[in-house]
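As structure tokens, the structure follows; a few thoughts come after it.
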Amino acid sequence: MGKKNHWLTYDSTVGELYASPVGHDALARVLLQLGLPEKTVTNRAVSGMKLRTIAGLTKKRFGTDFFDALLHLVNSEKDIPYASKEAVIPRWWKEAVFYQIYPRSFCDSNGDGIGDLKGIIRKLPYLKKLGVDALWLSPVYDSPNDDNGYDIRDYDKIMEEFGTMEDFEELLSQTHRRGMRLIMDLVINHTSDEHEWYRQAKKPDSPYRDYYFFRKDDGSRTPPNNWTSFFSGPAWKYEEDSESWALHLFSKKQMDLNWENPKMREDVIAMINRWLDKGVDGFRMDVINYISKEDGLPDGNETIGSLMGFTGIEHYYYGPKLHQYLREIRERAFAPHDAFSVGETPGPGMKMCQLLTGEERRELDMVFSFDHLETPGHVRFEDYAYDLNYFRDYMTDWMENYGNNCWMSLFFNNHDNPRMISKVTKDSSRHTALSKLLAVMQFTLKGTPFIFQGDEMGLANYEFTSMEQITDVEAKGYYAEHRKTEPGEKVFADILAGTREHARVLLPWNSKLSPCHEGLYQKPKKEVFAAYRRLLRLRHEEKAFVYGTFRVLCRRKNRFVYERALEGKVFVIDCNLGEKPVRAYPLKGKWRVVYDTVPGRDKAGRGRMLQGYEARIVEYLEKVGDKVTGE
């Protein structure tokens, strides 16, 4: 703890680069995108090579300035992460199970085809019965809905379609009355272009001008740099009235805030405090690692852009003042209210996340990292079958190396991703078993589970038939961009594989859907709901699944067997990650099956086979020595 990273140059070795936090995560991401194993850079022959040599050998592949950009990024981080082996410090949010609500598609109380706050209130008994401890509410602020609420027009007003501030306060009160907590979505990397700050900022002499990133056009009518938007096209919008460009990393109506401006930071922190004063228990912080941009907004490296998918990303995904801004938010808003924070952080790997979440650093409590959601070498907008063996290896790495001073979020789905069970297989006959298998891992691994609405119903992807059914602005941008060079049938297949629309259709208990989704329906699976209730109850009863040690017992192909142990209690979780039956993990001593995903198999004898995607949880009553295995 407290160690500093040393300055790297072209005379540094690949091993030294990989030992630095940013270098480690940057190389790991490159390997992930190329589908290459870690030993590609850790083997003795490569790790001892100087970067100057590597740059020469890869000049044709990466260009001349790739390593300049990489070294600049690596040297921006002075600290070395610390992974504690001490006992985990108990906190309520480590023991909790969160449930994400996407208000627009959760529950419609008035029959207009739009979910609302009163609908959420109506379903609080259902959520309490399920057994969740905290709700995460996706944005309910006033918004023109260009990106379904993530383009905020007024932070202090509730979106009219969802209800009123009185409705929100009732929801908060009813949630607390039932012994649950509520966190909100905090979108402070950008605002809507209809926010009053931006409306004023469009005037060149306005005091709000520097709340955003404006650049005067040089007469060429070309963007100030080569950064690209996450929603396709350039990351700049031209403002005719002032003959200037404004930065938007997302849609053209989501304008990036300039966190260098202390007055802007003051206003944002004041807004956060107003919500915390109402009694909100914390926030999920949208793309929070993007808030610090490189001074001068320099051009992005084209090679890094092609590897990462977005040009310019190296200048803001782990910006130079990110730690400073996060500590300021915590000190001035979160800490005085003892509020919880979880940051959405696309891009950073384990080492960088340790620097964001280490308890001694006082920045974020937890992050959402997304690298486990795609098999290496693949991207979300790609029609392929996800490999659960990668999930096992990814989770094992984090469980063993993240440290007890850091805490993981455990999730398979959210509002920005298609359903994981459909990514694993399109065979709907397997989806019930898969839903329960994923739930077993989610509720027994080390970290805090986040359920996305509908997971507990066993919902899969929808069978959209045309782009007319897609409201997702990201998918629309992707389709328009890729139709220029690829066949429509292929592009639509990729849209079906990756669109966020799957997670945004109104839940089955709603009688009226939005016009573009009419006729889409999935029957909730009672068997999956019962499994979720049982697993949540088990996690609440047995703290070994929260604070217990983690040890892998078997990680052969399609097998994930691990142990959780605390204060003499030992549990073995035996998972079959494939479709074919496998022999159950052999155990010694006395034990009992406390849960099995196959109904009626809880009392089954030892030595039996596990069906495809079956999982069971075993508690040891008496071990033979220190061994739990008969292998």
Side-chain angles (χ1 to χ4, degrees), residues 17 20-34 62-63 65-77 147 150 187 189-190 213 215 223-237 245-252 254-260 285-323 325-326 343-353 355-356 367-371 373-374 376 378-381 416 474 477-478 481 498:
L17 176 65
S20 69
V22 179
H24 175 280
D25 289 354
L27 287 180
R29 177 159 289 279
V30 170
L31 295 175
L32 185 71
Q33 292 298 327
L34 297 178
F62 292 145
D65 56 354
F66 172 79
F67 282 91
D68 289 334
L70 180 59
L71 284 170
H72 177 74
L73 180 62
V74 167
N75 288 323
S76 68
E77 179 55 78
D147 187 24
Y150 284 88
V187 188
N189 174 71
H190 48 264
F213 295 94
R215 295 293 182 269
N225 66 25
N226 65 349
W227 293 10
T228 54
S229 164
F230 288 95
F231 291 170
S232 302
W236 294 89
K237 177 168 72 171
W245 296 87
L247 180 69
H248 62 91
L249 293 180
F250 293 89
S251 89
K252 293 180 180 180
Q254 292 171 291
M255 312 312 297
D256 280 60
L257 289 164
N258 176 16
W259 276 76
E260 289 282 340
M285 305 171 80
D286 187 64
V287 292
I288 195 63
N289 57 309
Y290 293 173
I291 61 176
S292 173
K293 274 78 170 177
E294 184 83 22
D295 187 42
L297 309 184
D299 274 345
N301 178 270
E302 297 288 352
T303 302
I304 292 177
S306 66
L307 289 170
M308 302 284 280
F310 307 98
T311 304
I313 195 170
E314 71 271 23
H315 295 304
Y316 58 80
Y317 91 108
Y318 195 71
K321 294 184 179 178
L322 176 61
H323 296 300
Y325 297 152
L326 291 177
E344 180 195 28
T345 55
M350 186 197 302
K351 302 300 181 184
M352 296 155 81
C353 288
L355 291 170
L356 294 170
V367 296
F368 289 124
S369 179
F370 302 96
D371 288 345
L373 295 181
E374 306 297 337
H378 297 279
V379 295
R380 177 157 56 89
F381 283 109
D416 278 337
E474 179 192 32
Y478 182 95
E481 185 74 17

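Keep in mind that this is a model prediction, so the values were computed, not measured.
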- Compare all side-chain heavy atoms of Tyr150 with those of Asp416 and state whether any distance is below 4.5 angstrom. no

- Item | Min side-chain heavy-atom separation Tyr318-Thr345 under 4.5 Å | no

- Message: Between Asp371 and Arg29, does any side-chain N to carboxylate O distance fall below 4.0 Å?
- Response: yes

- If you count the non-hydrogen atoms of other residues, nucleotides and ligands that lie under 6.0 Å from NZ in Lys237, is the total more than 12? yes

- Item | Test side-chain contact (heavy atoms from CB on, under 4.5 Å) applied to Met352 and Val22, step by step | CA-CA 6 Å; Met352 296 155 81; Val22 179; 4.2 Å; yes

- Which pair of non-hydrogen atoms, one from Phe213 and one from Asp256, has the smallest distance, and what is that distance? CD1-O, 3.7 Å

- Task: Mind listing the closest non-hydrogen atom pair of Leu307 and Phe62 along with its distance?
- Result: CD1-CE2, 4.2 Å

- Spatial distance of atom CD1 (Ile291) from atom CG (Asn258) [nearest 0.5 Å]: 11.0 Å

- Here the pair of heavy atoms bringing Leu70 nearest to Ala26 is CD1-CB, 3.8 Å

- How about Gln254 and Asp147: does a side-chain donor come under 3.5 Å of a side-chain acceptor? yes

- Query: Can any side-chain N or O of Arg215 pair as donor or acceptor with the backbone N or O of Trp245 at less than 3.5 Å?
  - Reply: no

- Item | Approximate separation, where rounding is to 0.5 Å, of Glu314 CD and Phe66 CZ | 9.5 Å

- Modelled atom types, side-chain donor and acceptor of Glu77 and His323, under 3.5 Å: yes

- Task: Please report the C-alpha distance between Phe370 and Glu344 in whole Å, then the side-chain angles of each, then the deciding distance to 0.1 Å, and finally whether the side-chain contact (heavy atoms from CB on, under 4.5 Å) criterion is met.
- Result: CA-CA 9 Å; Phe370 302 96; Glu344 180 195 28; 3.4 Å; yes

- Task: Anything under 30° is parallel, anything over 60° is perpendicular, the rest tilted; go ahead and classify Phe230 against Tyr316.
- Result: perpendicular

- Interatomic distance, OH@Tyr317 vs OG@Ser292, rounded to 0.5 Å, equals 13.0 Å

- Message: Would Lys321 and Glu260 count as a side-chain contact (heavy atoms from CB on, under 4.5 Å) here? Give the steps.
- Response: CA-CA 9 Å; Lys321 294 184 179 178; Glu260 289 282 340; 3.0 Å; yes

- Task: Decide yes or no for Trp259 and Lys293: does some side-chain heavy atom of the first lie under 4.5 Å from some side-chain heavy atom of the second?
- Result: no

- Closest non-hydrogen atom pair between Leu297 and Asn225, with its separation: O-ND2, 3.0 Å

- Give, for atom CD of Glu374 and atom CZ of Phe381, the distance between the pair rounded to the nearest 0.5 Å. 10.0 Å

- Separation of Leu73 CG from Glu294 CD (nearest 0.5 Å): 8.5 Å

- Message: With a 4.5 Å cut-off on side-chain heavy atoms, are Met255 and His248 touching?
- Response: yes

- Query: Do any N or O atoms from the side chain of Asp299 and from the backbone of Asn226 form a donor-acceptor pair under 3.5 angstrom?
  - Reply: yes

- Query: Could you give the distance from CD (Glu474) to CZ (Phe250), rounded to the nearest 0.5 Å?
  - Reply: 9.0 Å

- Over all heavy atoms of both residues, which pair between Pro348 and Cys353 is shortest? Give the atoms and the distance, please. O-SG, 3.8 Å

- State, to 0.1 Å, how close Gly63 and Thr303 come at their nearest heavy-atom pair, and which atoms those are. N-OG1, 4.5 Å

- Item | Min side-chain heavy-atom separation Leu356-Leu322 under 4.5 Å | yes

- Task: Flag the pair Thr311 / Glu302 as yes when at least one side-chain heavy-atom distance between them is below 4.5 Å, and no otherwise.
- Result: yes

- Query: Would the number of heavy atoms belonging to other residues, nucleotides or ligands and lying under 6.0 Å from CG of Asp295 be above 12?
  - Reply: no

- Spell out, as yes or no, whether a donor-acceptor pair under 3.5 Å connects the side chain of Trp236 to the backbone of Ser229. no

- Could you go step by step and tell me if Val287 and Leu249 meet the side-chain contact (heavy atoms from CB on, under 4.5 Å) rule? CA-CA 11 Å; Val287 292; Leu249 293 180; over 6 Å; no

- Short side-chain to backbone donor-acceptor contact, Asp286 and Val187, under 3.5 Å: no

